[in-house]
Amino acid sequence: MQSEFQKMMKKKLAKLNKALGFQKSHYTKQRVNKIISLKTKNNDENGGRDHSMIIARARSNPLELTTNHIIIDAASTSSEDSIYSSWVVEHPSALDSFDRMIKAAKGKKIAVFLDYDGTLSPIVDDPNRAFMSDEMRAAVREVAKYFPTAIISGRGREKVKEFVQLGNVYYAGSHGMDIMAPPRPVKACDGKYHTVVAGKKGSEVLFQPAKKYLPAIQEMITELEEETRKIQGASVEDNRFCVSVHFRQVREEDHNKLQEKVKSVVKNYPEFHWSEGKMVMEIRPSIEWDKGHALEYLLDTLGMSNSNDVLPLYIGDDRTDEDAFKVIERRGQGFPIIVSSIPRETRASYSLHDPSEVLNFLLRLAKWSKSSSSSRPLAQIWGI
């Protein structure tokens, strides 16, 4: 039962949202889609309470419902976050749903696809220090023994490979524009983007649909570094076939200034476009290729494009992962899993709260795989 104070604050929040122009999305039409922070502190002088609102900067990302955040002291923590709880009802925990998911996978093949930042590693201030834990690495290694496993990241392929340090997974960097895959016939993609590479394990195929843009990308990086170097905390990351401008350490009052500088550079390159993610701006070639296409490409190369007996499992936390969720949704079979601690509009069917839950999920998947009599190490199946 709501207290009089809670009722009063709900009315005030409704008026505030209206004044600020916050609108409910079509997806959360029946729910409050903004979380408002309420800071409660004791007033030592009269024993009463001083309630103050903390309104955070509204993010431009439409998939992020993080415009406001609730902060409640110990005296107010007895009630659950009903908004997040109702969101989880629509996107149930993949941990709680594990047995049901495995039951649905009986007699079918599972292929595992994983984002990196925010999924296998925590989001950190310094992108060069986004290290995954040894426990996470061991879990991914074990999963990859039994299921074809690929890391699909916005990072450069070599960079994410350096972070992951595993030889039994496939890597797709630059949002899928730089893929190292097994040498199998590919029907869906133009062969001119393929390069056969000899490695320790034999030949592999390097697929790079944006290769012709490399000279322009290097020019752009030079310009971006020059334009942004005077903004404290800004950093430009070369991800080979795309560019990331990080602003997690930039003062909030400089965000708009940085954005304008980035836009001023990108406008001189009409074949590129920019988008904003979690405290990062991404510049990519304007080609029809994303993480969803990368997922389909890898399924093709693995001989697993038949949607009747293949269940792709994709875990990711970023808006760019939505492209992969859409592919799984269109296939009608598979497990799209969003990693988020806040309510978000998403195409994912399941959710995990944070990378620690991703670790637990992968450990359960690996344990089930190992104990299943029908599972054989992929070294015997795929020659990995």
Side-chain angles (χ1 to χ4, degrees), residues 113-121 126-132 150-167 169-182 186 189-199 204-228 234-247 262 265-266 268-278 280-298 301 316 318-321 323-324:
F113 302 90
L114 305 165
D115 180 34
Y116 184 76
D117 293 275
T119 300
L120 299 182
S121 74
D126 183 355
N128 292 316
R129 300 190 63 80
F131 304 121
M132 68 190 298
I151 313 294
I152 305 180
S153 173
R155 299 265 194 168
R157 177 174 52 82
E158 292 298 332
K159 183 65 176 179
V160 75
K161 187 176 182 180
E162 179 184 322
F163 278 140
V164 177
Q165 299 176 23
L166 291 176
V169 303
Y170 301 111
Y171 295 93
S174 303
H175 299 288
M177 288 184 283
D178 188 10
I179 303 175
M180 186 70 82
V186 181
C189 303
D190 192 339
K192 70 181 180 179
Y193 300 131
H194 293 81
T195 303
V196 177
V197 179
E204 290 182 300
V205 173
L206 194 61
F207 178 71
Q208 299 173 330
K211 194 171 184 178
K212 72 175 185 178
Y213 297 99
L214 282 176
I217 290 171
Q218 291 306 307
E219 289 179 12
M220 190 187 306
I221 289 173
T222 300
E223 292 183 32
L224 285 169
E225 288 176 339
E226 179 63 27
E227 286 292 323
T228 63
S235 64
V236 179
E237 183 179 9
D238 181 357
N239 288 320
R240 183 87 169 134
F241 294 97
C242 62
V243 185
S244 297
V245 180
H246 299 276
F247 58 94
V262 171
V265 172
V266 177
N268 296 322
Y269 295 85
E271 292 182 307
F272 292 80
H273 68 280
W274 80 281
S275 61
E276 191 169 348
K278 292 183 176 180
V280 63
M281 283 174 276
E282 303 271 9
I283 299 100
R284 289 187 273 169
S286 298
I287 63 173
E288 192 177 347
W289 196 265
D290 51 40
K291 289 185 176 181
H293 291 93
L295 184 152
E296 291 179 308
Y297 174 88
L298 284 163
T301 61
D318 195 69
R319 61 178 299 181
T320 58
D321 298 308
D323 295 317

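Numbering starts at 1 and runs along the sequence shown.
For the atom pair Met180 CE and Thr301 OG1, the distance stands at 12.5 Å (nearest 0.5 Å). Note: Glu223 CD to Glu225 CD = 11.0 Å, rounded to the nearest 0.5 Å. With rounding to the nearest 0.5 Å, the separation of OH in Tyr171 from OG in Ser153 is 11.0 Å. Atom CD of Glu282 and atom CZ of Arg319 lie 10.0 Å apart (nearest 0.5 Å). Going from atom CZ of Arg240 over to atom CE of Met177 covers 11.5 Å, rounded to the nearest 0.5 Å. Rounding to the nearest 0.5 angstrom, the gap separating the CD1 atom in Ile217 from the CD atom in Glu271 is 10.5 Å.
Trp274 has its side chain out of reach of Val245: every pair of non-hydrogen atoms, C-beta onward, lies at least 4.5 Å apart. Contact annotation: the side chain of Leu224 never approaches that of Met281 to less than 4.5 Å [non-hydrogen atoms, C-beta and beyond]. In this structure, the side chains of Asn128 and Lys159 come closer than 4.5 Å at one or more pairs of heavy atoms. A heavy-atom distance below 4.5 Å is not found between the side chains of Gln208 and Ser174. The shortest side-chain heavy-atom distance between Met220 and Asn268 does not fall under the 4.5 Å cut-off. At a threshold of 4.5 Å between non-hydrogen side-chain atoms, the residues His175 and Asp290 do not count as touching.
In this structure, Gly176 and Ala294 approach most closely via the heavy-atom pair CA-CB, 3.7 Å. Across all non-hydrogen atoms, the minimal contact from Glu219 to Tyr269 is CB-OH, 3.5 Å. Between Asn239 and Gly156 the shortest heavy-atom distance is OD1-N, 3.2 Å. Shown here for Phe247 and Glu276, the closest heavy-atom pair between the two residues is CZ-OE2, 3.1 Å. Between Ala130 and Asp117 the shortest heavy-atom distance is CB-OD1, 3.4 Å.
Phe131 and Phe163 have perpendicular rings, their planes meeting at more than 60° on a 0 to 90° scale where under 30° would count as parallel.
At a threshold of 4.0 Å, the pair Asp115-Lys291 counts as salt-bridged, since one of the basic side-chain nitrogens sits closer than that to a carboxylate oxygen. The existence of a salt bridge linking Glu237 and Arg155 is confirmed by a sub-4.0 Å separation between a basic side-chain nitrogen and an acidic carboxylate oxygen.
The residue from Ile152, Asp318, Val164 that alone fulfils the side-chain contact (heavy atoms from CB on, under 4.5 Å) condition with Tyr116 is Val164. Partner Ile151 forms a side-chain contact (heavy atoms from CB on, under 4.5 Å) with one of Thr119, Leu166, Val169 and no other, that one being Val169.
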As a quick check of understanding, evaluate side-chain contact (heavy atoms from CB on, under 4.5 Å) for Val265 and Thr228, giving each step before the final call. CA-CA 10 Å; Val265 172; Thr228 63; over 6 Å; no
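Taking the six-membered ring where the residue is Trp, the centroids of Trp289 and Phe207 are separated by under 6.0 Å.
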